[in-house]
Amino acid sequence: MNKIAMIFAGQGSQAVGMGKDFYENSEVAREMFEKAGERIGVDFKELMFEENEKLGQTAFTQPAILLVQMIAYKLFKDACPGVKAELFLGHSLGEFSALCASGAIDYVDAVELVHKRGAFMQGACESIEAGMMAIVGLDDESVEKICADAQAAGKKVWPANYNQDGQLVVAGMKADLVSLEDTFKEAGAKRALLLNMSVASHCELLASAQEPLAELMSSMVNDTFEAPIVSNVTTDKYSSKGDAVALLKDQLIKPVKYKQSIEAIAGEVDMAIEFGQGVVLKGLNRRIAKDMKTLNISDMASLDKVKEEICI
């Protein structure tokens, strides 16, 4: 039997129309939309299916992404009850979906948790001009050195997302990021692209969000884990409430080591399944661990395809 990593993407994977195929073709999906919406007072159909500004706002982006991921995972588990996860892994926000898929938090609680997480993050950055920048074509060590030198000069910039070789996202004060654009390019970067973000994820600017998030998690997370979760912060596995709270609190201000995590598990699993909108992680995995096959479930057709391939 295949050893499978169940994986979940983070912010940036959202798109208008996400989850619509599930909603239109599954009573389970419709019920999950309704219950999640009731919990946080959001019409998820309007949020996801119609053009609007809210889908790009962190406090709404996060629950929308998580809800679609949990619907995809629920439909898969219902169709393939004999398939078990070897481990769970998420990218940033996706680690909360991993926590939910593991059984350590109910999906409705998780929707509320990430909705408030997004609000905490927005609150931490609302009085400052924060942002994120993608550095393409430059090795990690060079990016790290430029950030360290900038910090020594009083600037607020940090490595935030290790996505793949030659793709590292940095976070910090927007003006400081912009001031380093030429420095990154002079060091060999093909692009230094300022992202359309109003928060600076995975850096010290989010320190004020840590305690509120930890308190909320402590009231919602339990100690029931179907399989271990790989931590974004350490790349190690954990399977306890205490570790989940501590590590996801830490994740707010420390970089996401996605590339390193995939490298660490590549020899332990035969394949990965990405759940939810898009194929962001499937694309990254292809470049990080070429021998590890990644499938995806983003709608009913892709669900059927995965069922045919691996269900017992």
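Taking the charged nitrogens against the carboxylate oxygens, E309 and K293 do have a contact shorter than 4.0 Å, which makes a salt bridge. With respect to K45 and E50, no salt bridge is recorded, no charged nitrogen being found less than 4.0 Å from a carboxylate O. Salt-bridge formation is detected for the pair R30/E27: a Lys NZ or Arg NE/NH1/NH2 atom is positioned less than 4.0 Å from an Asp or Glu carboxylate oxygen.
Residues V68 and L113 fall within the same hydrophobic cluster, defined by Ile, Leu, Val, Met, Phe, Trp and Tyr side chains chained together at heavy-atom separations under 4.5 Å. Cluster annotation: V114 and V256 are assigned to distinct hydrophobic clusters (Ile/Leu/Val/Met/Phe/Trp/Tyr, side-chain heavy-atom contacts under 4.5 Å, transitive). In the hydrophobic cluster analysis, where Ile, Leu, Val, Met, Phe, Trp and Tyr join through side-chain heavy atoms closer than 4.5 angstrom, L180 is grouped together with V170. Criterion: ILVMFWY side-chain heavy atoms under 4.5 Å apart, direct or through other members. Under it, L89 and Y107 are not part of a common hydrophobic cluster. Residues V178 and V143 share a single hydrophobic cluster, defined by chaining ILVMFWY side chains whose heavy atoms lie under 4.5 Å apart.
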- Message: Between K155 and D149, does the salt bridge (Lys or Arg N to Asp or Glu O under 4.0 Å) criterion hold? Intermediate values first, please.
- Response: CA-CA 9 Å; K155 295 185 178 183; D149 290 346; over 6 Å; no
- Evaluate side chain to side chain contact (heavy atoms under 4.5 Å, CB included) for M133 paired with V157, printing each intermediate quantity in order. CA-CA 10 Å; M133 178 178 277; V157 292; over 6 Å; no
- Starting from the C-alpha separation in whole Å, work towards a yes-or-no answer on salt bridge (Lys or Arg N to Asp or Glu O under 4.0 Å) for K145 and E141. CA-CA 6 Å; K145 185 177 187 308; E141 293 76 13; over 6 Å; no
- Task: Given side chain to side chain contact (heavy atoms under 4.5 Å, CB included), test K174 with I128 step by step and report yes or no.
- Result: CA-CA 9 Å; K174 192 170 290 185; I128 58 175; over 6 Å; no
- Given side chain to side chain contact (heavy atoms under 4.5 Å, CB included), test N161 with Q167 step by step and report yes or no. CA-CA 8 Å; N161 294 338; Q167 188 188 117; over 6 Å; no
- Query: What do the steps show when you test F76 against I310 for side chain to side chain contact (heavy atoms under 4.5 Å, CB included), and what is the final call?
  - Reply: CA-CA 11 Å; F76 168 75; I310 68 168; 4.0 Å; yes
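In terms of heavy-atom proximity, A160 sits nearest to A171 at CB-CB, 3.8 Å. Across every non-hydrogen atom of S26 and A29, the tightest pair is OG-N, 3.0 Å. The two atoms that bring I65 and A9 nearest to each other are CG2-O, 4.1 Å, heavy atoms only. The two residues L47 and L55 come nearest to each other via the heavy atoms CD1-N, 3.7 Å. For V221 against A244, the heavy-atom pair with the smallest separation is CG1-CB, 4.5 Å. Between S298 and N296, the shortest heavy-atom distance links the atoms OG-ND2, 3.6 Å.
In this structure, the side chains of F96 and F8 stay at 4.5 Å or more apart for every pair of heavy atoms. The closest side-chain heavy-atom distance from Q151 to W158 is below 4.5 Å. Residues Y238 and F225 are in side-chain contact: their nearest non-hydrogen atoms beyond the backbone lie under 4.5 Å apart. Side chains of L252 and R117 form a contact here, defined as non-hydrogen atoms less than 4.5 Å apart.
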Please list, one pair per line, the donor and acceptor atoms closer than 3.5 Å that link side chains of residues 183-209 to other protein atoms, with sequence neighbours excluded.
from : atom 1 : to   : atom 2 : distance (Å)
K185 : NZ     : E181 : OE2    : 3.1
H202 : ND1    : Q251 : O      : 2.7
H202 : NE2    : S92  : OG     : 2.6

List the atom pairs, donor and acceptor, that lie under 3.5 Å between side-chain atoms in residues 261-285 and the rest of the protein, sequence neighbours left out.
from : atom 1 : to   : atom 2 : distance (Å)
S261 : OG     : K257 : O      : 2.7
E268 : OE1    : K237 : NZ     : 2.9
E268 : OE2    : K237 : NZ     : 3.2
D270 : OD2    : K3   : N      : 2.7
E274 : OE1    : L281 : N      : 3.3
E274 : OE1    : K282 : N      : 2.8
E274 : OE2    : V280 : N      : 3.3
E274 : OE2    : L281 : N      : 3.2
N285 : OD1    : Y258 : OH     : 2.6
N285 : ND2    : T294 : OG1    : 3.1

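Rounding to the nearest 0.5 angstrom, the gap separating the CG atom in L75 from the NZ atom in K77 is 13.0 Å. Interatomic distance, K249 NZ to L213 CG, rounded to the nearest 0.5 Å: 9.5 Å. Here the CZ atom belonging to F33 is positioned 4.0 Å from the CE atom belonging to M48, to the nearest 0.5 angstrom. The distance from the CD atom of Q260 to the CD1 atom of I288 is 8.5 Å, given to the nearest 0.5 Å. Note that the CD1 atom of I105 and the NZ atom of K241 stand 10.0 Å from one another [nearest 0.5 Å]. In this structure, the separation between OG on S97 and CD1 on I7 is 12.0 Å, given to the nearest 0.5 Å.
No more than 12 heavy atoms of other residues, nucleotides or ligands shown are found within 6.0 angstrom of CD on E129. The number of heavy atoms from other shown groups lying within 6.0 Å of NZ (K35) does not exceed 12.
Remark: the backbone N or O of I4 is not paired with any side-chain donor or acceptor of N2 at under 3.5 angstrom. Under a 3.5 Å cut-off, the side chain of N163 and the backbone N or O of L168 do not form any donor-acceptor pair. No donor-acceptor pair closer than 3.5 Å links the side chain of D236 to the backbone N or O of S231. With hydrogens and angles ignored, the 3.5 Å screen pairs no side-chain donor or acceptor of S142 with any backbone N or O of L138. Checked by atom type and distance alone, the side chain of Q11 never pairs as donor or acceptor with a backbone atom of Q62 at under 3.5 Å.
Between the side chains of D176 and S179, not a single donor N or O lies within less than 3.5 Å of an accepting N or O.
Partner of D165 under the salt bridge (Lys or Arg N to Asp or Glu O under 4.0 Å) criterion, out of R287, K290, K259: K259 alone.
Counting only residues at least two apart or on different chains, the ring-ring contact (aromatic ring centres under 6.0 Å, His included) pairs with a member in residues 115-147 are F60-H115.
A centroid separation of 6.0 Å or more is found between the aromatic rings of F44 and Y23.
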